[in-house]
Amino acid sequence: MDLPNTIKSGQAFRWRQDGKETEAAEAWFSGVVFDSIVTIRHVRGGIEIRCATGEAEEVAPLLRDYLRLNDPLDDICRSIDLDEHIRSAMTRYSGMRLLRQDPWECLVSFICSATSNIRRISGNVEEMASHFGRRLANGGDARHAFPRPGELAEAGEQRLRDLGLGFRAKYLAPVARMVADGEVDLFALREADYSDGLETLTSLPGVGDKVANCVLLFSLDKLEAFPVDVWVRRALQEWYDVDRKKKLSDVDQRRWAQDYFGSYAGYANQYLFHSRRLMGR
DNA sequence: AGCCAGGCCCTCC
DNA sequence: GGAGGGCCTGGC
């Protein structure tokens with residue numbers, strides 16, 4: 001398990017590394033999951049947990065689920081080990097895993113990701129939590145639960161704009177209202193298949209193919225999902241020459257990759273994304 | 001100072 | 001059906 005790269009690979013936005021001075025490999029990370037403030041680090045042979053709120057014994061199995069520790073990573077990596085580029089990325093970030101996040105928080109986070117960046121997304125998400133989420137006791141270092149759909153719906157577009165969310169607020173407000181009213185059942189999509197989930201999610205305002213695939217991959221157990229963003233697009237063009245003949249749309253590039261990598265295309269996506277993004281440009 | 005960011009949507013052709 | 005422009009705000 002590579003905890004630092006898993007936490008810092010742009011899937012989730014509420015984790016903070018405690019004490020930047022220590023090496024990332026041994027660093028503590030604190031986040032808010034399952035309405036608990038949780039601090040974790042990688043230790044030899046496992047994950048060490050400190051629980052500021054709630055019982056560690058209760059959180060441990062949830063965290064195991066969240067970190068997807070039951071995914072057969074060796075088998076998965078073998079199944080997508082199809083060429084030198086993905087192999088190189090898997091070698092460099094060996095042990096990096098997908099997360100299994102809360103679908104609602106994941107949906108909101110990736111609606112916020114449009115023409116943004118990880119730093120700003122994290123700030124937006126944290127601002128929404130601190131303004132509209134329930135305060136979680138933790139002495140001086142207060143953190144807040146991620147706001148429920150109803151809490152965000154009640155906040156409304158203007159107050160979301162006031163937090164600096166920009167045009168994303170005009171999508172977030174109606175989506176929050178729809179989820180709060182039960183027009184869409186995000187958790188039910190865990191039982192649905194990929195294409196049904198994709199259709200449902202892309203029917204929401206502000207949710208296109210890319211954002212929907214992020215939500216499907218990072219929270220709804222659809223490991224064949226393959227979000228195509230600018231970094232993945234660069235990886236596909238530079239390393240796989242996907243565009244060589246005619247220009248392929250993002251959706252066609254996504255379909256190409258899903259066909260090429262197969263049922264664990266989402267893991268391939270994560271390695272390609274992380275690897276290409278850290279190369280910069 | 002101006003351009004561009006981890007997209008989406010709408011308008012035109 | 002797809003190319004092009006607009007959208008908020010912040011950072012370089």
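Residue numbers begin at 1 in each chain, while the letters A, B, ... track the order of the sequences. When reading the values below, keep in mind they use all heavy atoms of this one structure, side chains included, and skip hydrogens, waters and symmetry mates.
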Which side-chain N or O atoms in residues 128-137 of chain A pair as donor and acceptor under 3.5 Å with protein atoms at least two apart or in another chain?
residue, atom, partner, partner atom, Å
S130(A), OG, E126(A), O, 3.2
S130(A), OG, E127(A), O, 3.2

With nearest nucleotide decided by heavy atoms, which residue, R119(A) or A114(A), maps closer to the 5′ end of DNA chain C?
A114(A)

Any Lys/Arg nitrogen of D81(A) or R78(A) sitting under 4.0 Å from an Asp/Glu carboxylate oxygen of the other?
no

Note on DNA chain B: ranges paired as stems (three or more Watson-Crick/G-U pairs in a row, both atom distances under 3.5 Å) are B:2-5 with C:9-12, B:7-13 with C:1-7

Whole-Å distance separating the CG atom of D250(A) from the P atom of dG1(C)
16 Å

Using the P atoms only, state how far dT11(B) lies from dC8(C), rounded to an integer number of Å.
15 Å

Which part of the nucleic acid, if any, lies within contact of T115(A), taking any heavy atom under 4.0 Å across all strands shown: a base, the sugar-phosphate backbone alone, or nothing?
base

Write down the distance between CZ (F167(A)) and P (dG6(C)), rounded to a whole number of angstrom.
14 Å

With heavy atoms under 4.0 Å as the rule, sort G10(A) into base, sugar-phosphate or nothing.
base

Select base, sugar-phosphate, or nothing to describe what L160(A) touches, counting heavy atoms under 4.0 Å on all strands.
nothing

Just how far, in rounded Å, is P of dC8(C) from CD of Q158(A)?
11 Å

If you look at every strand shown and take non-hydrogen atoms under 4.0 Å, does P227(A) touch a base, only sugar-phosphate, or nothing?
nothing

For D162(A) and Q158(A), test the side chains for any donor-to-acceptor distance below 3.5 angstrom and give the result as yes or no.
yes

Looking at R254(A) and D209(A), does any basic side-chain N land under 4.0 Å from a carboxylate oxygen?
yes

E157(A)/K170(A) salt bridge by N-O under 4.0 Å criterion:
no

Residues E183(A) and R177(A) bridged, charged N to O under 4.0 Å
no

Salt-bridge test for R97(A) and D71(A): reply yes if a basic N is under 4.0 Å from a carboxylate O, no otherwise.
no

Separation of R233(A) atom CZ from dG7(B) atom C1', in whole Å?
9 Å

Hey, does the side-chain of R168(A) have a donor or acceptor N/O within less than 3.5 Å of a partner on the base of dC8(B)?
no

Need one value for V232(A): base, sugar-phosphate or nothing, where a base atom within 4.0 Å counts as base even if backbone is also close, heavy atoms only.
nothing

dC9(B), OP1 or OP2 - any side-chain N/O from K170(A) closer than 4.0 Å?
no

Nearest whole angstrom, please: distance from the P of dG6(B) to the CD1 of I121(A).
8 Å

Is I111(A) touching bases, backbone alone, or none of the nucleic acid, heavy atoms closer than 4.0 Å?
nothing

Send over the distance from N124(A) CG to dT9(C) C1', rounded to a whole Å.
9 Å

Within this structure, what is the CG-to-P distance between D252(A) and dG1(C), rounded to whole angstrom?
11 Å

Parallel, tilted or perpendicular, as decided by the 30° and 60° cut-offs, for the rings of Y171(A) and F167(A)
perpendicular

Nearest-angstrom distance, P atom, dG6(B) to dA3(C)
22 Å

Roughly, in whole Å, what's the span from CZ in R234(A) to P in dA5(B)?
7 Å

Residue mapping more 5' on DNA chain B - nearest nucleotide basis, D229(A) or Y171(A):
D229(A)

